[in-house]
Amino acid sequence: MGSKYPPSMRRCLPLWTLVLEAALIVIFFFFTSYDTSSQDPKKLAGTFRVLQDVTIMVALGFGFLNSSLRRYGWSSVAFNLFLLALGVQWAVLMDGFLEQSFRKKVVIKLSSIKLATMSAMSVLISAGAVLGKANLLQLTLMALVEVTVFVTMRMIDRQYLSMDSHLSMMHIHVFATYFGLMVAWSLSRCLNKMVMEEKNQTAKSSSLFAMLGTLFLWMFWPSFNSALLDVPKERKNAVFNTYYALAASAVTAISMSALARPRGKINMTHIHNAILAGGVAVGPSCHLITTPWLAMLLGFMAGLISIGGALCLPFPHLAIGF
Amino acid sequence: MGSKYPPSMRRCLPLWTLVLEAALIVIFFFFTSYDTSSQDPKKLAGTFRVLQDVTIMVALGFGFLNSSLRRYGWSSVAFNLFLLALGVQWAVLMDGFLEQSFRKKVVIKLSSIKLATMSAMSVLISAGAVLGKANLLQLTLMALVEVTVFVTMRMIDRQYLSMDSHLSMMHIHVFATYFGLMVAWSLSRCLNKMVMEEKNQTAKSSSLFAMLGTLFLWMFWPSFNSALLDVPKERKNAVFNTYYALAASAVTAISMSALARPRGKINMTHIHNAILAGGVAVGPSCHLITTPWLAMLLGFMAGLISIGGALCLPFPHLAIGF
Amino acid sequence: MGSKYPPSMRRCLPLWTLVLEAALIVIFFFFTSYDTSSQDPKKLAGTFRVLQDVTIMVALGFGFLNSSLRRYGWSSVAFNLFLLALGVQWAVLMDGFLEQSFRKKVVIKLSSIKLATMSAMSVLISAGAVLGKANLLQLTLMALVEVTVFVTMRMIDRQYLSMDSHLSMMHIHVFATYFGLMVAWSLSRCLNKMVMEEKNQTAKSSSLFAMLGTLFLWMFWPSFNSALLDVPKERKNAVFNTYYALAASAVTAISMSALARPRGKINMTHIHNAILAGGVAVGPSCHLITTPWLAMLLGFMAGLISIGGALCLPFPHLAIGF
């Protein structure tokens, strides 16, 4: 879509995102207010911690995971931040409007920013498939559409299928993966295939950065999986199980990857996907599992399956979603 | 100043910093004691968290932001740590002495280390303009003088102008920028101009590290802006507003940078400065603003102005202060 | 030991680690259960924070510290994660069995994962001496043996020498260093010496990553040194003293390193070791020291001694332990 535009038109694309930001400010002016009710300062401090954990996971984790593509070093980190900042603002609005059926002003709490950051994560997962194929305006459009669709889907989950908030969030990986694949597919029809392949090659020197991203995702996944649970016991279980599933999938992934190669060398993309597969696999049920072995078994299976998946999927960076 | 010294004298410069560290230990021996009053363990844990957030922001954020200079890779991170460690020790002493007018022993609390870390940040901001032009002794002298001046200025703000602790801290960006420019100007008079320009060039391979630094600053800025506020409501507002200002300035900065370049490429130095400008702009008033749109507007304006500023300022790494 | 195996046998080595992971799941199935007693949610949140701090310190700090070896870039980070994930699972089992003398099921609390992560750290310290000389199976064996020996040693310390939990943990640095040296010595007897020297060379481009690892160790050391202390006052002292010792050793180390070189350049390996020496030196007594100058003196001495040590030790990455 972007490649059809003449150069003169391409130049004015960034102007649209500036106008969009200005429009967002106007919308916030008319339709939002801060939460002025006095809250327990300790509960607030706790929510702030979780919000910060999720922000670290999303900004650093996804930012540096995608930075290993050869031609998109630091600018992929910058675009990641752009999508995060835009997605959070839009998701706060969408969440608020849908919650209150457009009747009154949206009241912004600290927990709405936490929820919005988690919703904006869907854009960053999808961006892994699109990065290097889309320009700034296309990314912006994708962010707006994807957040709107995801927030609406979550609202339907909660109101009509009486799903709880945690469970409806855990669909994010599958949703964002298919959304990203769909966008990448529709973009790639008009691009030269050879260019794409070159763009998908991994730069050797940024492998360490990709590992940095992986580690941040690995470390803060327990916070992500327990972020929307309110009952202390469920929260504790979610932390426990995510921790054990990730430990099992890390061991499995590195062993499997060494097994698949004749000289015992390990493949980095395998490692990324398989290590994180444990966290995704245990997500929907992490608050219900009451024994460590079940979480470890899920992590073990996820590690095994995802190495297989990584060998045949066309978009390796998306395999996180499976 | 350093370039005038003969080589034999240059060699013994590090000895002075060792003597200084020994002298600091002696001063701590005679004039300080830990806070022995029993405190609420939960409040203590909260203060420790904020201290750690500020330390992460300062050590990682500024350390890696400056690491993109071509000739100062990892050693700039090491010097950054050196200045931080020295500055904190000195700032604790200065703060304590000025608070109690030299009458009795300085009582060190966890919150005094937090305050000292924030004061020491002024040295790290200034170091961005001086790095690569100053030797170890010059950096040490700058740290001691700058911390002394900044702490004294804050004391005058509080006692004679009845400014609160938060507001007097928020001058740090402007103060440190001008201090750094002044030091850099006085150092550069005796240096070959061509050498300087070469030193200011950015190394391609460390751009990702500079983005890492930027992200850490971006993520922990809400903690920094709310660190000195005690009223829970003001603290909440500070977190909210800083968060929104940073989101708006990130979107604006990346759009503006793409707009300024004909082929849609973005400039890394622009991104650093403009993304962070939102946090600086909202700093002094972040606890008073009660609507998100105002914070976003500040971030938007800061993003616009700072791209302009980055195009004409001689010391790009200092533009954070504006 | 690994080099004696024929290629066909080497290929099936990773299979053993997969079998091991499966065996661990079976052991967890029969012998463990989660802690189901209802706990204070605030205390739980506090334990989770400390667990996360220790995980960040161990996964990022040690991972990237070792990544500077020329031939072991991102894969050393991956192996580090492998050892951590495996070590934690094994340490939880060992701790539980020894605590209850094999009589009943092991009850897993959040604090047992915290303790296990700290025990697994011993493997990561030793891995610094072995990395590049051992294959996956050898690393796995080392992890299992080392964790078993360390946990048994801690149990003997506590039960027969009536040492408290904190003090027995602080032996970890000395223990892990000598264990690593021993393993490295027995592995190196059958390896070509020239190969080893080449493997020990530092890659220029990853120096920044090593600094990143150092900074993470530096920042989270206060959390590590206070993690096993329950009395709020001791905990506060531990944080204070570790903070001051690290500040003094950072200043000392960078000065000393500049002093040792004729042109004022600093040596990166010196910096790593000496900066962290302060944290190690203050570890065993950090909860008992009641004045900042004593902690600073320990840091100062540790910085001085470790630069000397780094000049003559054969395994520079191990010098952390001293």
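First the proteins, then the strands, lettered A, B, ... as listed; each starts at 1.
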Where on [X] is there a heavy atom nearer than 4.5 Å to chain A: the side chain, the backbone, both, or neither?
X	value
B/Val239	side chain
B/Leu215	side chain
B/Leu212	both
B/Tyr244	side chain
B/Arg235	neither
B/Ser223	both
B/Thr252	both

Should the ring pair B/His173 and B/Trp221 be called parallel, tilted or perpendicular, given that the plane angle runs from 0 to 90° and is split at 30 and 60? parallel
Any side-chain heavy-atom pair of A/Phe224 and A/Met121 under 4.5 Å: yes
Of the backbone (N, CA, C, O) and the side chain (C-beta and beyond), which part of A/Phe48 lies under 4.5 Å from a heavy atom of chain B, both, or neither? side chain
Pair A/Phe29 and B/Trp293, ring centroids less than 6.0 Å apart: yes
So that I can tick it off, tell me whether A/Arg49 and B/Asp53 are bridged by a salt bridge, with the cut-off set at under 4.0 angstrom between side-chain N and carboxylate O. yes
Could I get the full list of ring-ring contact (aromatic ring centres under 6.0 Å, His included) partners for A/Phe216, not counting sequence neighbours? none
I'd like to know which of A/Thr55, A/Leu20, A/Ile27 tops the heavy-atom pair count under 4.5 Å against chain B. A/Thr55
